[in-house]
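Working notes for the structure below.
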Amino acid sequence: MAAQTIVVVEDEAAIADAVAARLRAEGFAVEVAADGPSGVELCARSKPDLVVLDLMLPGFDGLEACRRIQAERAVPVLMLTARDAETDVLVGLGMGADDYVTKPFSPRELVARVKAILRRIERVTDSSSDTPISAGDLSIDTAGRRVRRSGDEVHLTPTEFDLLVHLARSPGIVFSRDRLLSEVWGYADGSGPRTVDTHVAALRRKVGSEHVRTAHGVGYAFEP
Ligand code: CA
């Protein structure tokens with residue numbers, strides 16, 4: 001199997017070098033860009049399996065880069081943030097990233113997050129190779145990872161897609177945030193419940209709020 005490719009977009013050379021070296025040591029092919037525009041361009045060219053994207057970048061910032069990268073092609077994004085305050089902004093905006101780590105982080109922690117995201121995408125892709133899901137105005141092509149609402153294509157990030165499929169396979173069943181973190185994100189103590197809330201909010205905007213019901217104090221359920 002060919003090595004999976006990871007694009008690292010980070011303007012601090014010391015961090016970019018450390019991250020790239022660690023990922024290469026783990027067997028990934030790594031390409032590095034140092035600002036927003038060249039990061040977007042690099043992603044368009046090398047079609048990576050995952051992007052590690054710094055939030056504060058010259059050119060335009062990581063959020064704008066994330067939007068542009070995702071507009072081109074759905075690819076998992078791990079965002080790097082400098083402080084908890086930035087993390088709050090990120091979560092508040094619904095970010096379009098799949099996960100984030102706050103600096104300073106250890107390369108080991110970053111690699112663990114990268115692998116968790118890639119495992120999750122792989123697992124969902126494997127387990128959903130056929131059986132499209134049809135629910136009201138939504139049709140979910142699980143093999144092609146595409147969603148249509150009343151015939152119009154809905155653009156979801158990889159995490160939003162996985163979350164939707166996970167909920168939609170058990171309509172009406174309430175999933176707690178912890179269970180979703182564990183089963184969709186692939187770890188028990190990830191970025192916390194706010195991550196789930198953020199992705200649910202983004203998912204609702206895109207597929208229609210009537211499809212994801214909040215069970216107050218408990219979690220979320222899919223409603224066809
Ligand atoms: Ca930076």
Side-chain angles (χ1 to χ4, degrees), residues 3-118 120-121 155 157-160 181 185-187 189-199 201-202:
Q4 289 179 299
T5 301
I6 297 180
V7 162
V8 176
V9 188
E10 164 65 87
D11 55 313
E12 287 166 75
I15 296 178
D17 290 349
V19 165
R22 185 61 190 236
L23 289 169
R24 286 189 183 111
E26 297 283 335
F28 295 104
V30 182
E31 298 184 68
V32 179
D35 60 59
S38 61
V40 172
E41 201 249 328
L42 179 58
C43 287
R45 198 172 62 232
S46 56
K47 304 204 181 340
D49 296 285
L50 184 141
V51 183
V52 175
L53 184 59
D54 188 31
L55 179 59
M56 301 304 284
L57 288 169
F60 41 73
D61 70 13
L63 290 175
E64 179 61 23
C66 187
R67 270 192 290 275
R68 296 190 189 201
I69 290 166
Q70 296 282 5
E72 184 115 347
R73 171 175 161 270
V75 56
V77 172
L78 177 63
M79 197 75 88
L80 307 179
T81 74
R83 300 183 298 276
D84 281 346
E86 282 185 355
T87 306
D88 290 341
V89 170
L90 205 56
V91 170
L93 287 173
M95 68 191 183
D98 293 90
D99 199 359
Y100 59 86
V101 288
T102 304
K103 296 176 184 174
F105 55 84
S106 70
R108 178 193 299 246
E109 181 188 355
L110 180 112
V111 166
R113 291 295 183 89
V114 164
K115 286 184 171 175
I117 294 173
L118 291 173
R120 169 162 57 77
I121 305 274
H155 293 279
T157 67
T159 293
E160 290 160 5
L181 270 177
W185 275 257
Y187 39 75
D189 59 347
S191 311
R194 287 187 311 170
T195 298
V196 178
D197 295 341
T198 299
H199 283 91

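Atoms within each ligand, like the ligands themselves, are counted from 1 in listed order. Throughout, numbering of the chain's residues begins at 1 and tracks the sequence.
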Is any side-chain heavy atom of [Y] closer than 4.5 Å to one of [X]?
{"X": "Val19", "Y": "Glu10", "answer": "no"}
{"X": "Asp49", "Y": "Ile6", "answer": "no"}
{"X": "Val114", "Y": "Phe28", "answer": "yes"}

Can Arg68 be said to sit on top of Phe60's aromatic six-ring, NZ or CZ under 6.0 Å from centre and within 45° of the ring axis?
yes
Let's test this: below 3.0 Å, count the protein N/O/S atoms around the Ca ion (ligand 1).
3
Pair up each side-chain donor or acceptor in residues 33-46 with any protein partner under 3.5 Å, not counting sequence neighbours, and list the distances.
from  : atom 1 : to    : atom 2 : distance (Å)
Asp35 : OD1    : Ser38 : N      : 2.9
Asp35 : OD1    : Ser38 : OG     : 2.9
Ser38 : OG     : Asp35 : O      : 3.3
Glu41 : OE1    : Arg45 : NH1    : 3.3
Glu41 : OE2    : Arg45 : NH1    : 2.9
Ser46 : OG     : Glu31 : OE2    : 3.4
Ser46 : OG     : Leu42 : O      : 2.9

Value for CG (Leu53) from CG (Asp98), rounded to nearest 0.5 Å, stands at 11.0 Å
